[in-house]
Amino acid sequence: MMDWRKLGFFVCALSILPLLCYCATFAPVDNYLIDCGANATTLVGNRNFTADNLSKNFLSTPQDVLASTSLKSVPSSGDESPLYQTARVFIGSSKYTFPINQKGRHWIRLYFFPFTYQKYNLASANFSVTTQNNVLLSNSNFGGQKNPVMKEYSLDVNSNTLVITFTPLNNSIAFVNAIEVVSVPDDLISDVAFSLDPLAQFTGLATQAFQTVWRVNMGGPTVSPQTDTLQRTWVPDQRFLKESNLASSYSNVDAVKYIDGGPTENSAPPVVYGTLTEMNSSSDPRSIFNVTWQFDVEPGFQYLVRLHFCDIVSKGLNELYFDVYVDSFLAEKDLDLSLKSNNVLGAPYYKDLITPLAVSNTLRVSIGPSAVNNNYNNAILNGLEIMKMSNSMGSFSAGAAAIASGSSSKNVGMIVGVSLGALGAVVLAAVFFILCKKRRRLARQAQSKTWIPLSINDGTSHTMGSKYSNGTTISAASNFEYRVPFLAVQEATNNFDESWVIGIGGFGKVYKGELSDGTKVAVKRGNPRSQQGFAEFRTEIEMLSQFRHRHLVSLIGYCDEKNEMILIYEYMEQGTLKSHLYGSGLPNLSWKERLEICIGSARGLHYLHTGYAKAVIHRDVKSANILLDENLMAKVADFGLSKTGPEIDQTHVSTAVKGSFGYLDPEYFRRQQLTEKSDVYSFGVVLFEVLCARPVIDPSLPREMVNLAEWAMKWQKKGQLEQIIDPTLAGKIRPDSLRKFGETAEKCLADYGVDRPSMGDVLWNLEYALQLQEAVVQGDPEENSTNMIGELSPQVNNFNHDAASASAVAMDTSTVDDLSGVSMSRVFSQLVKSEGR
């Protein structure tokens, strides 16, 4: 007779087995869960947090202060609420030391809730939290915090122990409610991502430290740590939507299919990939718009943005095509998730993107329909993670100047001092002798690993200092490049005073500085974690050392000491052209001023293309790289991506695509074949940017207006360009000047480089547009085509129509300043890439 109980058990086991496989969890080797200030173990979901009062082998503190409050006083924080009932208070520097059994990436989660306990008001606590290599918190103050806070970090731990130090500041106290130190799967963060600016591959993420800023479940509910294999919390996306009426939610968790080689549940759980936010196109399936989310971030840092996708809405493969934007950058164009997931419908996919250094306190992510399939306008996003990357000093706090090391360094200093005193003067002299000898040896080694001083005039090296320096020997008046000591750069920038920062870009921060003779300079300090690193640093110096032109920003010096990459330029008082067009509140430029700026920029680019043995292609022409001096004279800047043009017997240079979205030559993007006409295309975008005074990519606008070049070309071809110009210019541009300007921009944006004009031709037509604006034109204005320059009256200007003469006219105003430097090949032949670059 059959045992029905055994059969039932067998059937039940078979039904549960798929769920066990589906929900398999990662088992961390290191799993330290500490409830600080508690006297007993605290159960949170299915995890036990051990009281640090029972595990004092982890903790070193000058005095035990255990604080507690009632559960009623803790605002609801899910299952974690009991963790916020108790806290460990520190009146002096204190450490938690955790043995690391498996080196690699670890979560560090710190729990904070500032309550009042006896004489200790945790809301007034001011302290720092550090590890051996990172500053997690600096000058932390939870005074305005009414709700519990959990701060999550992801660190690559390569030592046998992890030491977390809490240091009270300004005679205050420090505190913490709970701590997690937990192993993370090695493949959670790969080493490679996609850089948004410049458009290139970004490597080095495997050893990078991150702080989780936002983790969002689009279209779904809150995901608690108990339902995530890595104990993460995912929050709903509704509060981040800019226009919630444009978005709708969809859920189909059963449609999610994890496949070999793709994301796993450790990447994101099924409830994230099985829910999404999409375009709300129910009323009109052909409607075109973008769905946008906005997130608060801290300026001055780069961010890893991880976008999670899973097509659970399509009925078949290759139905859904859409575009993805991060701020003004086009992150994905015509994205087809079928191709990203081995043609498996419902298979998860994610993409990692690295932003440039943030200059705003917000970050936007947008999705919108692609033009590939107009019959199925939709776009989706399932999940999103935004992680702050530590800066070059390993800090997550903008104000942290150095890594705090607790009291141990003070103790070591005291021991060394006492020892030296006991050893006496003889030992001290011996030590001094050894140190001097070692220093000389290191100096000789360093000399063989760095660049020789740049010497243009007489073959002798020079030094350059700041207005605070006592021993400076030259000033900017020398008008040539020099290698600048790091100490002098520090003095010139007041030790890189953050209040002196005048800009932040992909390479790093730009500081205003002042030399010993009072000359103002711009100091660009490279961020070692930026992908715009050593190669761009070298290229910038190599290019600017060869060229001198009144419309190219002059390089005054450079510094490569202490693994630094610092470039020093002439200071441009009026900043970037972009800042004068939109977004900064500066006074509006007149049409004449705009034309003169475009003409100056065109002269600089024309000189790059024609003024040397080989053409130099800038490769990153944009309004942010056109700088203005105190008289609004334009100078082209930022040559880090520049490349010499093709040989005489070549038509192009084959190279990886680099540049900025919105300005990128589509032919170069498709074929990876670079010519001078790629710069011409980018300059054409700048021309429309100057005319319309709006960003070249603006995902917040209706779909047909997102891309400025596409939008402006539609109006130009309709002959109605005046409909989209900057409103402040309305009625102030002569029609014939506007027509000539629009024709010039249109020709620059031709699909194929062979159909675009040279920069000399562009310059000629811009000069003509300026004359049309200011002078009386003889003849029929309708006959003023691109090639009809001779109809201007003689008193306007005396032009020669020969093409060669056109180039001469473009150059004659700046011949005096067009000085070419010596070849830099011998300088860089001695270059050795130093450690840390």
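For the numbers below, each heavy atom of this structure counts, side chains included, while hydrogens, waters and symmetry mates do not.
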Between [Y] and [X], is there a side-chain heavy-atom distance shorter than 4.5 Å?
X: Ile354; Y: Phe194; value: no
X: Glu514; Y: Val521; value: no
X: Phe741; Y: Tyr768; value: no
X: Pro356; Y: Gln302; value: no
X: Tyr303; Y: Leu357; value: no
X: Gln490; Y: Phe486; value: yes
X: Leu627; Y: Leu577; value: no
X: Ile568; Y: Tyr558; value: no

Between atom [atom1] of [X] and atom [atom2] of [Y], what is the distance when rounded to the nearest 0.5 Å?
X: Ile599; Y: Leu770; atom1: CD1; atom2: CG; value: 4.5 Å
X: Leu628; Y: Met633; atom1: CG; atom2: CE; value: 10.0 Å
X: Thr576; Y: Asn625; atom1: OG1; atom2: CG; value: 9.0 Å
X: Ser660; Y: Arg619; atom1: OG; atom2: CZ; value: 11.0 Å
X: Tyr325; Y: Phe661; atom1: OH; atom2: CZ; value: 10.5 Å
X: Leu763; Y: Cys598; atom1: CG; atom2: SG; value: 11.0 Å

[X] versus [Y], closest heavy-atom pair with distance:
X: Ala712; Y: Ile724; value: CA-CD1, 3.6 Å
X: Ala769; Y: Lys740; value: CB-CG, 3.9 Å
X: Tyr582; Y: Pro695; value: OH-CA, 3.4 Å
X: Leu721; Y: Gly742; value: CD2-CA, 3.7 Å

Using atom types as modelled and distance alone, determine if a side-chain donor or acceptor of [X] lies under 3.5 Å from a backbone N or O of [Y].
X: Asp629; Y: Met572; result: no
X: Asp665; Y: Ser682; result: no
X: Ser601; Y: Ile597; result: yes
X: His549; Y: Tyr607; result: no
X: Asn765; Y: Thr744; result: no
X: Thr493; Y: Val489; result: yes
X: Thr610; Y: His606; result: yes
X: His609; Y: Ser758; result: no
X: Asn707; Y: Ala709; result: yes

Ion pair [X]/[Y], N-O distance below 4.0 Å:
X: Asp726; Y: Arg594; value: yes
X: Lys635; Y: Glu570; value: yes
X: Glu767; Y: Arg603; value: yes
X: Arg756; Y: Asp679; value: no

Inset, instruction - Would you please name every residue forming a salt bridge (Lys or Arg N to Asp or Glu O under 4.0 Å) with Glu667, sequence neighbours left out? - result: Arg671

Legend entry - Short side-chain donor-acceptor distance under 3.5 Å, Asp191 and Thr203: no

Legend entry - Ser623-Glu689 side chain donor-acceptor pair, cut-off 3.5 Å: yes

Legend entry - Neighbour count >12 (heavy atoms, 6.0 Å) for atom NZ, Lys578: no

Inset, instruction - Kindly determine whether Val621 and Tyr663 satisfy side-chain contact (heavy atoms from CB on, under 4.5 Å), including the steps that lead there. - result: CA-CA 7 Å; Val621 176; Tyr663 299 92; over 6 Å; no

Inset, instruction - State which residue, out of Asp698, Ile697, Val696, fulfils the side chain to side chain contact (heavy atoms under 4.5 Å, CB included) condition with Val706. - result: Ile697

Inset, instruction - Please determine if Arg525 forms a cation-pi arrangement with Phe496, meaning its NZ or CZ atom is less than 6.0 Å from the six-membered ring centre and no more than 45° off the ring axis. - result: yes

Inset, instruction - Establish, yes or no, whether the cationic atom of Lys524 lies under 6.0 Å from the six-membered ring centre of Tyr569 and within 45° of the ring axis. - result: no

Inset, instruction - Check step by step if side-chain contact (heavy atoms from CB on, under 4.5 Å) holds for Asp352 and Leu304. - result: CA-CA 7 Å; Asp352 285 343; Leu304 168 62; 3.7 Å; yes

Inset, instruction - For side-chain contact (heavy atoms from CB on, under 4.5 Å), just list the numbers for Ile566 and Val523, CA-CA rounded to whole Å, side-chain angles, deciding distance to a tenth of an Å, and then say yes or no. - result: CA-CA 7 Å; Ile566 298 173; Val523 178; 3.5 Å; yes

Inset, instruction - Using side-chain hydrogen bond (donor to acceptor under 3.5 Å, both in side chains) as the criterion, list what pairs up with Gln716, not counting sequence neighbours. - result: Glu746

Inset, instruction - Establish, yes or no, whether a centroid distance under 6.0 Å links the rings of Phe688 and Trp715. - result: no

Inset, instruction - Verify side-chain contact (heavy atoms from CB on, under 4.5 Å) between Arg694 and Leu708, making sure each step is shown before the conclusion. - result: CA-CA 8 Å; Arg694 51 146 287 188; Leu708 171 61; 3.8 Å; yes

Legend entry - For Glu593, all residues meeting side-chain contact (heavy atoms from CB on, under 4.5 Å), sequence neighbours excluded: Leu589, Ser590, Leu632

